[in-house]
Amino acid sequence: MNIVVGVTGGIAAYKTVHLVRLLIKAGHEVTVIPTEDALRFVGLPTWESISRNAVTTSVHEDVARVRHVALGQAAELVIVAPATANTIARMVAGLADDLLGTTLLATTAPVAVAPAMHTEMWRHPATQANIATLHERGVAILGPAEGELTGGDSGPGRMLEPEQIMDAALGLLAERDLDGLRVAVSAGGTREPLDPVRFLGNRSSGRQGVALALAAADRGAEVVLVAANIEDAVLAGAARHPLITVERAGTAAELGDAMRAASEDAAVIVMAAAVADYRPAEVAEGKLSKESGLLESIELVQNEDIVASLAARRHPGQIVVAFAAETPQDGEEMLARARRKRERKGVDLLVVNEVGWDRGFEALENAVQVIGEGGAVLARAAGSKRDVADDIWDVIAQSLG
Ligand code: CTP
C-alpha cells in the first residue's frame, strides 16, 4: 500500500523512524514528508534511508511531476506522527505553504494524526477545538497517551507507540462490516500438566486464532480472545487492540470455562484453539522422578469436547465455527474426514487446514477450506494467516445473513 507519513517538529519524531521501519517491514511503500522543523529533530538522510524513497519538504522540487499534489493523490493512507499543536492548527486552517500542507489538501485517503505535545498545550481550548474540527472532518485522532513527557512532567500528550499507530492507522482501511458484532475466539494450544514441570501439549502457535481475532476487530467486531499459551510477541497486536479483550487459559478445562462465559452473549463462536483431547488422570504435587516408575506409562482421561458442547447449547442464530487440523494422504479423504467431523461436532462451519511436520503450526502462511451445511465447500483460502482470517470472516458474515 502507498502510505505517506508526515512528520512534524516534535521530539517524538525519533519514534516515527521506527514507525516507518515497521510499515516498510510489513511490505508497504512509504513516502516521508517532514516539515522543515521536523528536520531539526531527525535529519533527511535518516528518512531517506529508512523509507528507501527520496524525501523533500519543499513544493518547489520535482515540479515537473506536480509533486505537491501527486503524493496526496497517490496515497492510500496518510499518517501524521508526531502531530504538533501547530500542525494540527495548520491542518484546520488548510495552510498549504509546504509539501505536507499541500499533500494533506490533495488527498482523499484516510488521514490519521498522532498528537504529541505538552499537557497544557493539549488541554488548551484552541487545540481541543482544532482536534474536534479534525474529528468532524473524518480525521482519525490516535492518542495521545498519558505518560512521562520530555520536560519530566507527565499527563496526556505523549505520542502513541509506533506499533499502536501502525495498527490503528491500518485498521482505518478495513471495511467495518462486522460493526458491533460480539464474537468469542479461542486460540493457541492447551497444556495439560503432569507435574509442576511437565505437560502434554501441542505445537499450535496461536497465530491463526490471533489473526482471526484481529481481522474481526478491525472490521468492527467486539472480540473476547481466549488465549491458551500464546507467546507475548504473537499476542501483542491483539492485546493492544481497543476492541479485543484477551483472557488467558492454560488447560482445556480453563479454556472451556472461559469460552462458555464469553459465548453467553456472542453471536459467533470460533474455536481455533488446539485443545488436548486427553489429560493425565492425576497431576503430581511434586516433580515425578524416573525412580518412581510413574513416568513409564501415563493414564489419561478424556477432556470434554468444548466446541461440541458449545454447539449443543447454542442459542438461535448463534454461529459456531470449529477447526480441524488434518494430515491427509489425499485431498478427498481429508474432505471426507472434515465433513464427518463437522457432523459429529454439530457445528455450522468447519475450517479444515492441512498440517504436517513442516507446515501449518508455526508457519506464517496457511491454506484452508471452509465446510458448511451439507458438507459443501464454501470457500478455499490460502495466503498469510491474516488473509485467510479475512476470507473465513467473509464466509461467517454471509452465514449471518
Ligand atoms: N476441540 C474442542 N475440545 C476438545 C478437542 C477439540 O473444542 N476437547 C475443538 C477444537 O478447538 C477444534 C475442533 O474441536 O475447533 C477440532 O478438533 P480435533 O482435535 O481436530 O477434533 P477431534 O474431534 O478431536 O478429532 P480427531 O480424532 O481427528 O483428533
Side-chain angles (χ1 to χ4, degrees), residues 183-193 199-213 216 223-230 247-263 266 268-281 300-314 318-331 333-356 359-361 366-372 375 378 385 388-389 392-393 395-396 399:
V183 308
V185 178
S186 72
T190 68
R191 290 181 180 176
E192 311 300 323
F199 58 83
L200 299 183
N202 58 70
R203 287 173 53 207
S204 175
S205 67
R207 283 198 172 84
Q208 186 61 71
V210 169
L212 279 154
V223 183
V224 175
L225 172 62
V226 178
N229 307 299
I230 301 177
E247 292 189 11
R248 291 176 193 264
T251 62
E254 288 166 6
L255 189 119
D257 288 344
M259 281 304 281
R260 260 186 292 280
S263 299
V268 182
I269 300 167
V270 180
M271 274 292 291
V275 182
D277 289 318
Y278 294 89
R279 66 178 184 278
L300 300 176
V301 290
Q302 202 163 351
N303 280 330
E304 172 203 24
D305 189 323
I306 301 165
V307 75
S309 92
L310 291 172
R313 60 197 287 248
R314 68 176 172 278
Q318 198 174 36
I319 291 188
V320 181
V321 186
F323 274 68
E326 303 284 356
T327 48
Q329 298 307 318
D330 73 87
E333 171 56 17
M334 180 170 89
L335 272 181
R337 286 172 61 114
R339 288 182 173 119
R340 288 200 296 275
K341 193 170 282 188
R342 180 182 163 278
E343 291 292 330
R344 198 166 66 234
K345 295 192 181 251
V347 297
D348 301 285
L349 300 171
L350 186 120
V351 181
V352 52
N353 68 325
E354 228 179 283
V355 292
R359 63 190 143 169
F361 287 127
N366 204 2
V368 306
Q369 303 188 54
V370 185
I371 295 164
L378 301 179
K385 289 189 171 173
V388 167
I392 293 170
W393 280 110
V395 177
I396 296 171
S399 310

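The residues of the chain are indexed from 1 along the displayed sequence. Atoms within each ligand, like the ligands themselves, are counted from 1 in listed order.
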Under 3.5 Å: donor-acceptor pair, side chain of Gln369, backbone of Val352
no

Ligand 1 to Val307, heavy atom cutoff 4.0 Å, flagged ligand atoms 2 (C), 7 (O), 9 (C), 14 (O)

Nearest-contact summary for atom 5 (C) of ligand 1 - protein heavy atom, Å:
Asp277 OD1, 3.2 Å

Contact partition for Ala322 relative to ligand 1, non-hydrogen atoms under 4.0 Å
both

Can you check whether Ile306 has an N/O within less than 3.5 Å of an N/O in ligand 1?
yes

Would you name the heavy atoms of Asn353 and Ala367 that are closest together and state the gap between them?
CB-O, 3.5 Å

Would you check whether Arg344 reaches within less than 4.0 Å of ligand 1, judged by its heavy atoms?
yes

For Lys345 and ligand 1, does the shortest N/O to N/O distance drop below 3.5 Å?
yes

Give the numbers and elements of all ligand 1 atoms closer than 4.0 Å to a heavy atom of Glu304.
3 (N), 4 (C), 8 (N)

Backbone of Gly375 reached by a side-chain donor or acceptor of Arg339 within 3.5 Å:
yes

Do other residues, nucleotides or ligands put more than 12 heavy atoms under 6.0 Å from Arg260 CZ?
yes

For ligand 1, which part of Glu326 has a heavy atom less than 4.0 Å away: the side chain, the backbone, both, or neither?
neither

Which heavy atom of the protein is the closest neighbour of atom 20 (O) of ligand 1, given with residue, atom name and distance?
Lys341 NZ, 2.8 Å

Side chain of Asn229, backbone of Gly189: donor and acceptor closer than 3.5 Å?
yes

What heavy-atom pair brings Ala276 and Glu192 nearest, and what distance separates the two atoms?
CB-CG, 3.5 Å

When you measure from the side chain of Arg314 to the backbone N and O of Ala311, does any donor-acceptor pair fall under 3.5 Å?
yes

What do you reckon, does Ala273 have a nitrogen or oxygen under 3.5 Å from a nitrogen or oxygen of ligand 1?
yes

Using distance alone, decide if ligand 1 has a nitrogen or oxygen within less than 3.5 Å of any nitrogen or oxygen in Val321.
no

Phe323 N/O under 3.5 Å from ligand 1 N/O:
yes

Evaluate side chain to side chain contact (heavy atoms under 4.5 Å, CB included) for Arg344 paired with Leu350, printing each intermediate quantity in order.
CA-CA 11 Å; Arg344 198 166 66 234; Leu350 186 120; over 6 Å; no

